[in-house]
Amino acid sequence: MNILIEPQLSKVKLENDLLSYRKWLKDISEASSVEVIRNSGIEKASLLMAQIFNSANQYVYIYSGGLSEKLTGTEPYYSALEDCLRRNVEIKVLLQDERLQSPAMELIKSNNADNVKLLNVKEIYSISRELKMDAHFAISDDKVFRIEYDVKEYKAFASFNNPKVVDVLKSIFNTYMS
């Protein structure tokens, strides 16, 4: 194969894979599938979070290191977050580090600054102990979750219909948000 064409073909394959992944996420979200899915990589993390935002009607709660721009500045993550706020879906965020500023964080704060809380070290340790791992998570509408267990590689598992897991995560979230 021509060495000049090969990288272009790889990019096309990745784009096709991501389009298929986006469609699959939309399908299982709309079906309220109980399937637990896995994802890794920033592109798939952005697509999955965008689908969580797109499917939310009531709320999305996020526990994050700092909503880094590396992920939250990507598309479709950022535009789905904007649309979510435009639809008056409640967005709340617990942060480990407020020094990591991003357009997504500014957008959420401009919508309602009370919906962002910076945690202290003791609270972060307590959350990790309750989760039994050092992880970040997002939950939505009492049934949707994404737990990121490897924050460097954006590795996570998620479901669009698992109220039991969401109930546990929501309880943890609300304990520290108050």
Side-chain angles (χ1 to χ4, degrees), residues 29 36 39-40 42 44-178:
S29 170
V36 175
N39 82 328
S40 66
I42 196 164
K44 288 185 176 181
S46 179
L47 289 169
L48 180 53
M49 283 303 299
Q51 188 57 48
I52 290 171
F53 289 132
N54 291 337
S55 66
N57 293 310
Q58 301 165 359
Y59 72 87
V60 177
Y61 296 166
I62 301 168
Y63 169 58
S64 173
L67 289 184
S68 89
E69 187 171 359
K70 187 174 179 183
L71 173 62
T72 66
T74 64
E75 288 301 331
Y77 187 112
Y78 188 82
S79 57
L81 171 61
E82 274 185 315
D83 181 62
C84 202
L85 288 167
R86 214 178 353 261
R87 291 183 289 117
N88 295 316
V89 172
E90 179 182 47
I91 306 285
K92 288 187 178 181
V93 181
L94 288 174
L95 287 177
Q96 293 177 337
D97 189 347
E98 194 175 43
R99 293 172 295 167
L100 303 172
Q101 293 299 313
S102 69
M105 179 54 61
E106 294 308 313
L107 181 64
I108 294 167
K109 282 182 177 179
S110 71
N111 187 266
N112 184 346
D114 291 337
N115 285 348
V116 178
K117 180 181 177 192
L118 178 64
L119 298 172
N120 64 43
V121 173
K122 185 177 178 183
E123 291 170 321
I124 294 167
Y125 174 76
S126 294
I127 290 175
S128 294
R129 197 174 69 238
E130 288 184 59
L131 291 173
K132 297 181 176 47
M133 68 175 109
D134 186 21
H136 298 154
F137 64 84
I139 57 174
S140 173
D141 292 354
D142 294 334
K143 65 180 188 170
V144 178
F145 78 87
R146 177 180 183 268
I147 299 175
E148 189 174 74
Y149 60 89
D150 182 339
V151 298
K152 289 188 182 356
E153 299 296 323
Y154 302 93
K155 291 182 180 178
F157 50 93
S159 174
F160 287 97
N161 190 5
N162 194 323
K164 288 182 181 180
V165 171
V166 173
D167 190 47
V168 170
L169 295 173
K170 188 175 183 183
S171 176
I172 292 168
F173 187 92
N174 286 335
T175 297
Y176 296 95
M177 191 67 192
S178 57

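What you see is a predicted model, and the numbers here were worked out from it, not measured in a lab.
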Any [X] side-chain heavy atom under 4.5 Å of [Y] side chain:
X	Y	value
Ile139	Tyr59	yes
Asp83	Phe53	no
Thr72	Leu81	no
Leu67	Ile108	yes
Tyr63	Ile124	yes
Lys92	Met177	yes

To check you understand the geometry: which heavy-atom pair defines the closest contact between [X] and [Y], and what is its length?
X	Y	value
Val165	Ile147	CG1-CD1, 4.4 Å
Leu95	Gly66	CD2-CA, 3.5 Å
Tyr154	Leu71	CE2-CB, 4.0 Å
Asp134	Ser128	OD1-OG, 3.5 Å
Ile91	Cys84	CD1-SG, 3.8 Å

Between [X] and [Y], is there a donor-acceptor pair closer than 3.5 Å when you use the side chain of the first and the backbone of the second?
X	Y	value
Asn112	Asp114	yes
Asp141	Asn57	yes
Asn39	Lys44	yes
Tyr77	Ala104	no
Lys117	Tyr176	yes
Ser46	Ile42	no
Glu123	Asn120	yes

### Message
Can you tell whether the side chains of Glu130 and Lys132 come within less than 4.0 Å, N to carboxylate O?
### Response
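Salt bridge flag = no for Lys132 with Glu130.
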### Query
Under a 4.0 Å N-O cut-off, is there an ion pair linking Arg87 with Glu82?
no
### Task
List the steps, then state whether ring-ring contact (aromatic ring centres under 6.0 Å, His included) holds for Phe145 with Phe137.
CA-CA 7 Å; Phe145 78 87; Phe137 64 84; 9.5 Å; no
